[in-house]
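Encoded as structure tokens, the structure appears first; notes follow it.
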Amino acid sequence: MTGGVSSSEDSSATPTSKLEVDSAASKISAGLIAWLATPEDIHSPFECVDVVEVADDGTAMVKPSGSRVRPYSVKVSGLSPHNADTQPDNVQLFEFSQAALLDNVMRRYIEAEPYTYTGDILTSVNPCSKMPKLYSGEHMASYVGQKRGPHRPPHLFATAEEAYRMVLRGGDKGKGGHQGLVVSGVSGAGKTEANKILIRYLCWRAVYATGVKRRYAAVSEEALAAAKHLSSGSPDADDPLGRKISGSQVVFEAFGNAATTNNHNSSRFGKFTKLLFDGGGRVCGASISIYLLEKSRLVLQCPGERNFHALYQILVSDANPELRATLDLPAGLEQVRYVNQSGRDTIKGVDDAAEWDLTVEAMQALGISSDEVEQVVQVLAGLVHLGNVNFAPLAESSVSAAGSQLAGEEAIGRFGTVRRLWGLPESAEGALTKRRVESRRGSVYAVGLNPDQAAMARDSLAKYVYSSLFRWITARVNEALNAQPAPDDGGLADPADAEAASEPKAHHPMASVSAAAAAAGGGGGEEGYKWIGLLDAFGFELLGSNSLEQLLINATNEALQAFFLECVMQAALQHSHGTRMALTWQSHGTHMAIAWH
């Protein structure tokens, strides 16, 4: 299990049990360095101080560590002991507290070690910079056949290797079987990149290293060359399924990610990826399920944010001039309602036109034809035009004074383009300006909508269309990654006895796009396989305007954070320090109170 970032949801938290307070206080004495809780500072919840004197009344005189300022009095219960050395696993810290845990993670980060274990949890701090040596081919190969332990530093590769090793054990005697890797954290923590690294390692491991027979066996030159090739960011020509899985990540980022104030490539949906393994330990298929797409972002963005990347990509791309000529797109981004609301239309260092070329290349690698790519572009262009359709009240002479109509020739032309691109009938305008009402007696009649209501109907239609497009893309990705049912062999072979596996199973395409849309929740053909599931959860964010989708995203993150904290505490209590102090941990579950104003 891996976390995208370790962050305290309650930065003011201090030891609350009497045993913990007494234990911490007993270790504080004059001349030591300690951590002082500073709950008023949300960015730095603890301050490193020198203990000058400890009084019998439960107070101590302290000063900022290394400073010459006058000492001041604090309660000893607000102090936590300081660790002199860092540890690769937080539960190995001699002094274990919230302050000690955060300090250990941060000091390792400063030393270019962004990964730290906390029991079975891998905590990472996003370096926000390239670290090629940490992800080199040689470094990747060094984790093959290795169990997690002091002989190899904490890394995503180690977590992936452990999951791969466990899934191959076949679930005998309660061990092994299906595995799950949960990647969670605040927005911008590096969750999407962590998932890419995990999937890249697992695909490489399954293709090139299944024949490794002992713990410290050398990786073949072919495998090492492939690892170097992958670490450079290039696709592997000898692993077509791995290329498709990597391509799916590009497509999902284009259609499901957006720039927020905290993260220029924030996932605005949840994704659960299953990698399927056959009896020889090779990846023979995959399936992807999606959750909670933030549809409201399509029609409304807060200042400093962007809509989904794909909209900007098709608006600036000129890769297909003939197709573009039929779309009648606005001349500039500032003329598009669905992208001009936030004051931000670019991402520093990102070329949206070049990104669209990569998106199209990835879609075609997944079996999406050129004609289907053009249809996707037409759907996106239709959304651009739909957002620019305005409404006006009906003339006062009309029978239905409460109704609305398209506001002028420009709106009529825009909606005409929408109908042409989407193949809608002339009567489609009524779906925006009227609502259908059915009485108790069964009679049906239409009620006119005022301009504000018509605009809401327009935005609802746009969100529904984009959501349907996203589900269709998911279904096509699953079709490309799908695997045929495998015979039940009673479990997968242990890597110590595994021989070189056969080629991946052939895929069977779904009958039609409509059938694919029906299967958008995930691919079929998983029977008889073991799998490793990777959950890429959306990040916690507090935006200027928080929609229902964002509320659900944050609620999900709160639940994951509670689960993370429970795992951390259980791991700490299993450590010798926890046993020696006779501590117990009681989970009280997760409780939420939501107030609507």
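The structure presented is a predicted model; accordingly, all values stated were derived computationally and were not measured.
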Using modelled atom types and a 3.5 Å cut-off, is there a donor and acceptor pairing between side-chain atoms of [X] and backbone atoms of [Y]?
X	Y	answer
Ser342	Pro303	no
Gln453	Asn450	yes
Thr417	Gly413	yes
Asn307	Leu298	yes
Gln341	Val299	yes
Thr260	Asn263	yes

All salt bridge (charged side-chain N to carboxylate O under 4.0 Å, His left out) counterparts of Arg306, not counting sequence neighbours: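 If we apply the salt bridge (charged side-chain N to carboxylate O under 4.0 Å, His left out) test to Arg306, skipping adjacent residues, the hits are Asp352.
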On a heavy-atom basis, which atom in [X] and which in [Y] lie closest, and how many Å separate them?
X	Y	value
Ala258	Arg297	CB-CD, 3.5 Å
Ala194	Val183	CB-CG1, 4.1 Å
Ile288	Ser248	CD1-OG, 3.9 Å
Gly382	Val418	O-CG2, 3.5 Å
Pro330	Val384	CD-CG1, 3.9 Å
Cys284	Tyr529	SG-CE2, 3.0 Å

For [X], what residues pass the side chain to side chain donor-acceptor pair (under 3.5 Å) criterion, not counting sequence neighbours?
X	answer
Ser317	none
Ser44	none
Asp459	Tyr338
Ser443	Ser439

Non-hydrogen side-chain atoms of [X] and [Y] separated by less than 4.5 Å:
X	Y	result
Leu386	Trp422	yes
Thr192	Asp536	yes
Tyr291	Lys271	no
Leu481	Ile245	yes
Val437	Val444	no
Val377	Leu323	yes
Pro451	Pro393	yes
Trp531	Val167	no

Derivation of the side-chain contact (heavy atoms from CB on, under 4.5 Å) call for Arg458 and Phe391: CA-CA 10 Å; Arg458 174 202 64 203; Phe391 302 91; 4.1 Å; yes
Residue pairs passing the salt bridge (charged side-chain N to carboxylate O under 4.0 Å, His left out) test where at least one lies in [range], sequence neighbours excluded:
range	answer
residues 245-259	Lys196-Glu253
residues 403-428	none
residues 316-345	none

Residue pair Val251, Arg476: steps toward the side-chain contact (heavy atoms from CB on, under 4.5 Å) verdict: CA-CA 11 Å; Val251 175; Arg476 293 306 307 270; over 6 Å; no
Check residues 356-366 and write down every donor-acceptor pair under 3.5 Å in which the side-chain atom is one partner and the other belongs to a residue at least two apart or another chain.
| from | atom 1 | to | atom 2 | distance (Å) |
| --- | --- | --- | --- | --- |
| Thr359 | OG1 | Gln313 | OE1 | 3.2 |
| Thr359 | OG1 | Glu355 | O | 2.9 |
| Gln364 | NE2 | Ser370 | OG | 3.3 |

Stepwise side-chain contact (heavy atoms from CB on, under 4.5 Å) check, Leu315 with Val336: CA-CA 10 Å; Leu315 283 168; Val336 181; 4.3 Å; yes
Spacing of [atom1] belonging to [X] relative to [atom2] belonging to [Y], to within rounding of 0.5 Å:
X	Y	atom1	atom2	value
Ile368	Glu479	CD1	CD	9.0 Å
Asn265	Lys191	CG	NZ	10.5 Å
His155	Ser124	NE2	OG	10.0 Å
Gln179	Ile532	CD	CD1	6.5 Å
Leu394	Leu449	CG	CG	10.5 Å
Glu429	Leu406	CD	CG	3.5 Å

Side-chain polar contacts of residues 462-469 - donor-acceptor pairs under 3.5 angstrom, sequence neighbours left out - could you list them?
| from | atom 1 | to | atom 2 | distance (Å) |
| --- | --- | --- | --- | --- |
| Tyr466 | OH | Phe255 | O | 2.6 |
| Ser468 | OG | Tyr464 | O | 2.9 |
| Ser468 | OG | Arg471 | NH2 | 3.3 |

Lys434 atom NZ: more than 12 heavy-atom contacts under 6.0 Å: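 12 or below, so no.
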Residues which pass ring-ring contact (aromatic ring centres under 6.0 Å, His included) with Phe470, listed by chain and number, not counting sequence neighbours: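 In terms of ring-ring contact (aromatic ring centres under 6.0 Å, His included), with neighbours along the sequence ignored, Phe470 is linked to Phe252, Phe269.
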Results of ring-ring contact (aromatic ring centres under 6.0 Å, His included) for His385 - residues two or more places apart only: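 Listed in chain order: nothing, the list is empty.
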Validation row, ring centre Phe277 to ring centre Tyr164 under 6.0 Å: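 Yes, the ring of Phe277 comes within the 6.0 Å limit of the ring of Tyr164, centre to centre.
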Side-chain donor-acceptor contact under 3.5 Å, Ser404 with Thr433: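 Per modelled atom types, Ser404 and Thr433 side chains form no pair under 3.5 Å.
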CA sep, side-chain torsions, deciding dist, call: Asn340, Leu333, side-chain contact (heavy atoms from CB on, under 4.5 Å): CA-CA 7 Å; Asn340 69 2; Leu333 297 177; over 6 Å; no
